[in-house]
Structures are given as structure tokens and as C-alpha cells.
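Everything on this sheet refers to the single structure shown next.
In what follows, chains carry the letters A, B, and so on, assigned in the order in which the sequence lines appear, proteins first and then strands, with residues in each chain numbered from 1.
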Amino acid sequence: MTVPLQAEALDISFKLLPAIIVFLMMASFLVIGFVFKVADTEGMWVAGRGIGNIENGMAIGANWMSAASYLGLAGLVALAGFYGLAFIVGWTTGYFVLLIFLAAQMRRFGKYTAPDFVADRFNSPMARALAAFTTLLIAYVYSVGQARGMGLVGQYVFGLDIIPMIIVMMTITVGYLALSGMLGATKNMAVQYVILIVAFLAGVYVVGFSQGYSTVLPQIEYGALFSELGRQFSEPFIGGNSYYLWVATAFSLIVGTCGLPHVLVRFYTVESERTARWSTVWGLFFILLLYWAAPAMAAFGVDLFAAVNGISSEAVFSGEQAMSGAEGDVIVVLAAQFAQLPTWFVGLVAAGAMAAAIATTAGLFITASSAVAHDIYAELINPDATQRQQVLIGRATIIGIGALVTVTAFNPPALIGELVAYAFSLAGTVLFPMFFLGLWWENTNRQGALAGMTVGLLLWFTSIINSVLPAYVGFLADIAGGSGQALIPIYAQYVPPIGAALIGTPLVFLVTIAVSMATPEPPLETKRMVRQCHSPEPMGQQQSAEDVVADGGEEMAADGGTTADETDTEA
Amino acid sequence: MTDNRSQQDDAVTDGGRAADDAVTDGGRAADDAATDGGRAANDAATDGGVTASAAQKHSNTDYLSEEVNLLKPSTAYMRDHLRIVWTGFIVWAVIVFGPVTMTMLAPGTMTTTMPVLGFPWHYFLVAFGAPTGALILAAVYARQRDKLDDKYGIDHSTAVEPDDSGATAATDGGQQE
């Protein structure tokens with residue numbers, strides 16, 4: 001199952017102009033973040049209220065777009081054809097489910113992180129620990145995909161071998177993290193979004209126009225290419241990519257979208273639940289600007305790949321000269337390179353990918369470090385932990401997870417998009433049912449949540465052990481009868497790591513509901529908190545459901561329990 | 001277009017339920033009426049009855065003592081809201097999983113080439129149709145939800161500063177003086 005490391009077709013050498021572009025892009029993130037941070041304290045924020053919807057929509061978009069969207073998506077569409085579309089569908093349409101079931105209620109609940117939500121809703125430090133562990137695991141798996149993307153694209157710009165390249169890029173990421181922390185630069189995601197989308201769309205438009213594929217709407221015009229592309233580009237359900245796998249993948253990505261901690265955080269920063277709703281709509285639109293164009297870039301790339309290598313359109317998918325996994329993963333950059341565009345322009349497209357990957361990884365590392373330092377260490381292991389100890393633990397986490405991600409990325413088990421999808425199926429299996437049931441059924445209790453999360457984690461782990469680990473661990477491969485084999489083929493067929501949530505999520509729902517019904521109902525206080533999340537009464541900007549309930553009911557809710565405890569602001 | 005009809009529906013069903021409420025709520029409703037003063041009358045004058053009854057029901061509901069259960073909505077607002085949610089969800093499910101299922105059932109028909117654009121149908125419906133459909137649905141939902149707030153007389157624009165002493169009016173159903 002391991003994929004080839006290096007993209008042979010990529011022009012690997014040090015290029016000065018692209019290197020400068022990468023540097024400038026990262027520097028602009030820091031500078032803009034720093035400037036906006038200063039402005040914030042001047043009360044910019046109040047003035048900025050009017051643009052809440054669109055600005056937060058862009059933030060949702062920037063948050064969303066990592067190397068998986070920028071590179072992995074086009075790679076999957078190029079290599080896996082119709083199956084690749086399951087990723088487009090899964091990573092976009094999930095926002096509607098998030099919108100109708102969770103966004104506004106999450107906003108009203110008023111907690112930032114997944115562990116905070118789970119701990120407060122289910123009154124359990126143990127539940128907090130499970131959620132924190134899951135968050136950590138998600139950050140790790142998610143980052144492996146990013147590291148692979150950074151390493152591959154970094155080769156075009158800096159020209160190192162893949163392994164030193166990954167090490168260098170991860171070092172840059174940790175450096176960026178430290179710098180942004182030192183400058184106090186809150187990430188200005190709206191600006192980040194604009195830079196990324198411009199870099200990506202510039203690539204699609206210029207490649208399409210210069211090669212005569214398209215003019216004003218490449219997102220639609222690539223349809224004309226289908227008659228020339230290989231049959232495999234659009235043929236449904238070929239090879240192992242069955243209808244079941246398609247649906248399982250799309251389903252996992254959809255529920256994963258609704259369960260990913262860093263997506264939910266975005267709803268807490270908006271002014272009201274109404275903004276939470278409309279900014280989701282805008283966010284989806286901004287995401288689609290990239291997702292409409294990604295398959296067009298894939299089609300251009302596949303066609304150019306055949307032309308440049310002088311092979312038939314079918315030979316792109318099979319045979320000696322077929323496109324490798326690594327080449328698919330950088331198809332966005334390759335297409336620009338094949339189109340003979342100037343080096344600085346290809347560099348711009350590559351820089352966009354690296355910026356997306358670095359910013360996302362930095363964000364994931366912060367999430368991981370707070371999960372370990374705050375939720376696991378300070379809340380469970382050492383309640384008397386000093387601030388200093390927590391900071392130390394947090395930094396150690398970043399170094400530890402950074403090293404682990406780097407090493408795993410040397411020999412990744414799958415394409416960028418697939419790696420990130422593993423994280424989605426984990427979030428969809430373990431966290432989404434907790435959010436959904438926690439908000440929509442007040443009788444969900446601690447025992448139910450603990451049982452549900454445990455089952456979800458077990459299911460995901462067994463799926464990974466069954467399908468992914470035999471490629472790495474000698475004795476598992478022996479049992480499986482080959483490194484590319486699964487231990488239990490039937491389990492791998494129905495619970496593939498990439499689509500584990502299709503079985504996993506309903507199972508976790510059932511377990512959580514059954515255990516909740518068999519055990520005592522949660523305390524009234526908790527129920528009232530859930531009810532407050534659904535009450536149509538507007539809430540104060542700084543209020544959480546807990547405050548309202550603690551203040552004792554509706555009338556008090558009105559004049560708004562002024563909150564004192566806004567301490568756990570997101571890092 | 002279905003809006004009018006559903007509002008009328010509500011008006012009709014409201015009749016009976018409002019009486020119910022009055023009975024079970026006992027003194028509370030009366031209480032509310034006392035504190036709310038002329039507001040209800042005001043609403044009735046401007047909105048012509050329908051909205052007023054929804055808004056009144058809203059102000060008669062203590063949301064913190066009504067059970068939250070996705071399958072058994074307990075308040076009028078929740079019932080209306082869930083109607084929008086489930087309708088959207090069903091349409092969404094068809095848009096997202098419909099084309100791929102059709103492709104599995106009738107691969108021949110679905111893979112024919114579209115006129116003008118040149119895509120095979122199944123490819124276009126999935127790559128372009130599903131995401132775009134979700135976007136449209138999302139916008140429709142957000143609008144419907146805003147309308148629902150209007151119907152119940154809820155105003156988010158006054159969004160309640162924590163230290164705003166006059167906030168009672170706002171949460172009491174969005175009455176802006």
C-alpha cells in the first residue's frame with residue numbers, strides 16, 4: 001500500500017524566485033497577523049462586526065484548505081477518477097449537515113475545543129481525556145498528509161531529496177509556529193484565504209488558457225476534454241473502487257467534517273448564532289471556489305502528462321509510464337510545469353500549496369499541544385500544574401509530534417488526500433456522535449458517551465491495524481500474507497480506514513443511546529444546558545449555555561449572565 | 001410559496017394548541033402577559049395575527065423546561081425548525097447520494113455524454129451538482145431560519161451585550177424600542 005516517494009516528472013532543483021515567493025508568502029502571514037493583532041486591541045473588532053459573515057466565511061475556508069484540498073484533491077481525481085469525486089462531495093456537502101444540525105447550537109453552547117465540549121456536556125474528566133486523545137490522534141494523522149505535501153512540493157522549489165526536504169519543511173513549520181507565537185500574530189485567516197485561492201485559481205486559469213483548454217470558466221469547460229482523456233478518468237467503480245467504498249468514503253468525510261475540532265472552533269468566534277449560520281454558507285462558497293476548479297486542474301494535468309511523455313491517454317493510468325502516486329499528489333504543480341509556464345509562476349502555485357500546508361500543520365500542532373498540556377496533563381495527571389509546567393509540556397508535545405509526523409511522512413501509507421481522510425473517519429466515528437447526540441438528545445449521559453467513544457476508537461484502531469499496519473510491521477505482514485494485504489480481508493472491505501465511519505458512526509450512535517437508556521439520566525443542570533442551546537432566544541455575545549443555565553432560567557438569561565470565565569480562549 | 005400555506009396551517013392548528021398551553025401553563029402565561037404589557041397588541045396590529053400568535057407562543061414558552069429530543073420536538077419553535085431541517089436533509093441526501101446510486105443502478109444511461117458541456121452525466125452531477133446543490137440548500141436553510149425567527153418575533157440584531165441592562169426587552173422577543 002505504500003506509495004512511491006518521489007515525483008519523477010517534477011523538475012527538482014533549487015530555484016531562487018520561487019524560494020523568494022515562498023518566503024514572502026509566509027512572511028506576509030506573520031506580518032499581517034501581527035498588524036491585525038495590534039489593531040484588535042484598538043477596538044477594530046467592534047467596527048468589523050458588519051463584515052462578520054464574509055470574513056468568518058473566509059476564515060472557514062482558510063482553515064479548511066490544507067495540502068489535502070490544494071494538492072491531494074486534484075491528485076485523487078487525476079489518479080482515482082470517479083472515486084476521487086467522493087472526496088469532493090465529502091469535503092463540501094458535509095457543511096450542510098454541520099449547518100443544519102450543529103453550527104448554531106455549538107455557538108450557543110459556547111465552548112471552544114472538542115475536549116471542553118465533551119467534558120462539560122458529559123460531566124466527565126474521562127470523557128475529556130478520550131476526546132483529547134482523539135484530538136491528538138487527528139492532529140497527528142492529518143499532519144502526516146501535510147508533511148508529505150510540503151516535502152513533495154518543496155522539492156520543486158528547494159531541490160533537496162525527499163527525506164531531507166521533509167525534515168527542512170517540518171523545521172520551517174515549527175519555526176513559523178514559534179515566530180507567530182512570539183509575535184503574538186493571531187492568524188489572519190481571511191487574508192490567508194485570499195492568497196491561497198488566488199495562487200490556486202491563477203494556476204488553473206493560466207494553464208487552461210495557455211494550453212487552449214479553457215477561457216473564462218475552466219470549472220465547466222474541462223468537460224470538452226473527456227473525449228480525449230483515458231476511459232479510467234471517468235469510468236465509475238473500476239478496480240477495487242466499488243460503490244460501497246465510494247459511499248463509505250463520502251459518508252466518512254461528511255461526518256468527519258462535522259466532527260473535526262478545528263472546524264467547530266470557527267463558530268465560536270462569530271458574533272451571534274445567526275452569523276454562525278450565514279458564515280457557514282459563505283464558508284462553503286469560498287471552499288467551492290477551489291473545489292469547482294480542482295477536477296479541472298486534474299483533467300488538464302492528466303492530458304498534459306500524456307502529451308509531454310508522448311504516451312496514449314490510457315497509458316497514464318496503467319503500464320510502465322503510468323502516473324505515480326507522488327506525481328498525482330503534485331499534479332497541480334506538474335500541470336503548471338508541463339504547460340511551460342515561467343518558473344516564478346509555477347513557483348507561485350507551489351508556494352500556495354506550501355503555505356496551505358504549513359499554516360494548517362502549525363494550527364494542528366497548537367491543537368495537539370493544548371490537548372496534551374491542558375486537557376490531559378493539567379486536568380487529569382497534575383491538577384496543580386503551574387503555567388510554566390503546562391507550557392513546557394506543550395512545547396515537548398510539539399517537538400514530539402513533529403518528529404513523529406516527520407518520520408511517518410518518509411514512508412507514507414497513502415496519498416495526501418487519503419491520509420487526511422483517515423483523520424476524518426476518526427473524527428466522524430468518535431467525535432461527531434458525541435456532538436450530535438450531546439446537542440440533540442438531552443438524555444445522552446456520561447456512561448453513554450464513554451462507551452460510545454471507546455467503541456469508536458477501537459473500531460478505528462482495528463481498521464488501521466488491519467489495513468495499514470501490515471505494510472510497516474513485519475510480523476503483521478507475515479500473518480496477512482504480504483505487506484499490501486489486510487489481516488482480515490472482509491473487515492478491510494467493509495470497514496476500510498478511509499470509510500470506517502459508514503459502519504462506525506451508526507454503531508457509536510447505537511452504543512451511546514443504548515448505554516444512556518440503561519443508565520441514570522444526566523442531571524437537570526446538564527439538560528437545561530442542552531435546552532438552552534436550542535432556545536431561539538438570542539444570547540449575549542460572551543455567554544455560554546452554561547452561564548445562562550447557572551444564572552437560573554429564562555428571565556435571567558435575558559439580561560445576560562455577564563461571563564467572567566472567558567479564560568480558556570483558544571490559543 | 002409553501003410558506004403562506006404552512007403559516008395558515010399553523011394558524012389553524014394553533015387554535016387548539018394555544019388553549020392547551022393556557023391550561024397547562026396556568027398562571028405563568030398570565031404572568032407573562034402582565035409583564036409584557038402592550039407588546040402583543042402591538043404585534044397583532046402590524047403583523048395581522050399570524051405572527052403575533054407565534055410570537056406569543058414563543059414568549060409563553062420556557063425553553064429551559066422543555067425536553068430536547070430530535071425525534072420528539074417539544075416546542076412550537078422546535079417543530080417548525082425541524083420541519084425545515086428534515087426537508088433540507090432529505091433533499092441533501094438525494095443530491096449527494098442520488099447520482100452515484102443511479103450510476104450504480106443504471107451505468108449505461110448515467111455515463112452518456114451531456115450535450116454542449118461534454119461531461120458524462122454521472123461525472124457532472126457528482127463533481128459539480130452535489131457541491132453546488134449543497135451550497136444552494138445551505139443558503140435556503142439560512143434564509144428559512146431567518147424567516148422563522150421573524151415569525152416568532154426573534155431579533156438577533158439587538159444581540160445583547162452582556163452588560164446591557166435593557167437587554168430584557170431584546171430577549172423577550174426582540175422588541176426594539
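Using a 4.5 Å heavy-atom threshold, the side chains of A:I254 and B:V96 count as touching. Residues A:I88 and B:F128 fail the side-chain proximity criterion, which asks for heavy atoms closer than 4.5 Å. In this structure, B:T111 and A:P236 have side chains that are in contact, with non-hydrogen atoms separated by less than 4.5 Å. Looking only at side-chain heavy atoms (C-beta outward), A:Q532 and B:L64 come within less than 4.5 Å of each other.
One distance of note links CG of B:D149 with CZ of A:R277; it measures 5.5 Å at 0.5 Å rounding. Between the CZ atom of A:R274 and the CZ atom of B:R145 there is a distance of 10.5 Å, given to the nearest 0.5 Å. Rounding to the nearest 0.5 Å gives a distance of 5.0 Å between CG of B:L70 and CZ of A:F436. Taking CH2 from A:W441 and CD from B:E67, the interatomic distance works out to 9.5 Å, rounded to the nearest 0.5 Å.
The contact between B:M78 and chain A is made entirely by side chain atoms (from C-beta outward), counting heavy-atom distances below 4.5 Å. Heavy atoms closer than 4.5 Å to chain A are found in both the backbone and the side chain of B:T101. Using a 4.5 Å cut-off between heavy atoms, B:Y77 touches chain A through its side chain atoms alone. Only the side chain of B:L82 comes within contact range of chain A, with at least one heavy atom under 4.5 Å from a heavy atom of that chain. Only the side chain of A:Y243 comes within less than 4.5 Å of a heavy atom in chain B; its backbone stays farther off. The contact between B:T103 and chain A is made by backbone and side chain atoms together, counting heavy-atom distances below 4.5 Å.
Other residues, nucleotides and ligands contribute over 12 non-hydrogen atoms within 6.0 Å of the CH2 atom of A:W246. Taking a 6.0 Å sphere around CE of B:M104, one finds it holds more than 12 heavy atoms contributed by other residues, nucleotides or ligands. Within a 6.0 Å radius of CE in B:M114, more than 12 heavy atoms belonging to other residues, nucleotides or ligands are found.
Considering only heavy-atom pairs separated by less than 4.5 Å from chain A, the leading option among B:V116, B:T113, B:L137, B:V100 is B:V100. Interface check for chain B: of the options A:V97, A:L524, A:T280, the most heavy-atom pairs under 4.5 Å are formed by A:V97. The most heavy-atom pairs under 4.5 Å with chain B, out of A:G84, A:G223, A:A224, come from A:G223. Of the residues considered (A:C533, A:S234, A:A250), A:S234 shows the highest number of contacts with chain B, using heavy-atom pairs under 4.5 Å. Interface check for chain B: of the options A:L284, A:T92, A:V77, the most heavy-atom pairs under 4.5 Å are formed by A:L284.
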Worked check of side chain to side chain contact (heavy atoms under 4.5 Å, CB included) between B:T132 and A:Y291: CA-CA 10 Å; B:T132 313; A:Y291 279 62; over 6 Å; no
Assess the residue pair B:Y141 and A:L99 against the criterion (side chain to side chain contact (heavy atoms under 4.5 Å, CB included)); give the C-alpha distance rounded to whole Å, side-chain angles, the decisive distance to 0.1 Å, and a yes or no. CA-CA 9 Å; B:Y141 168 80; A:L99 169 67; 3.6 Å; yes
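A donor-acceptor pair under 3.5 Å is absent between the side-chain atoms of A:W292 and the main chain of B:P131, judged by distance alone. Under a 3.5 Å cut-off, the side chain of A:E442 and the backbone N or O of B:V68 do form a donor-acceptor pair. Side chain of A:R531 to main chain of B:Y63: no donor-acceptor pair is present (N/O by atom type, distance under 3.5 Å, no hydrogens or angles).
Using a 4.5 Å heavy-atom cut-off against chain A, the contacting residues of residues 117-127 of chain B are B:L117, B:G118, B:F119, B:P120, B:H122, B:Y123, B:F124, B:V126, B:A127.
The two residues A:V281 and B:A138 make their nearest non-hydrogen contact at CG2-O, 3.5 Å. Scanning both residues, A:T93 and B:A130, for their nearest heavy atoms gives CG2-O, 3.6 Å.
Ring centroid separation for the pair A:F251 and B:F97 does not come in under the 6.0 Å cut-off.
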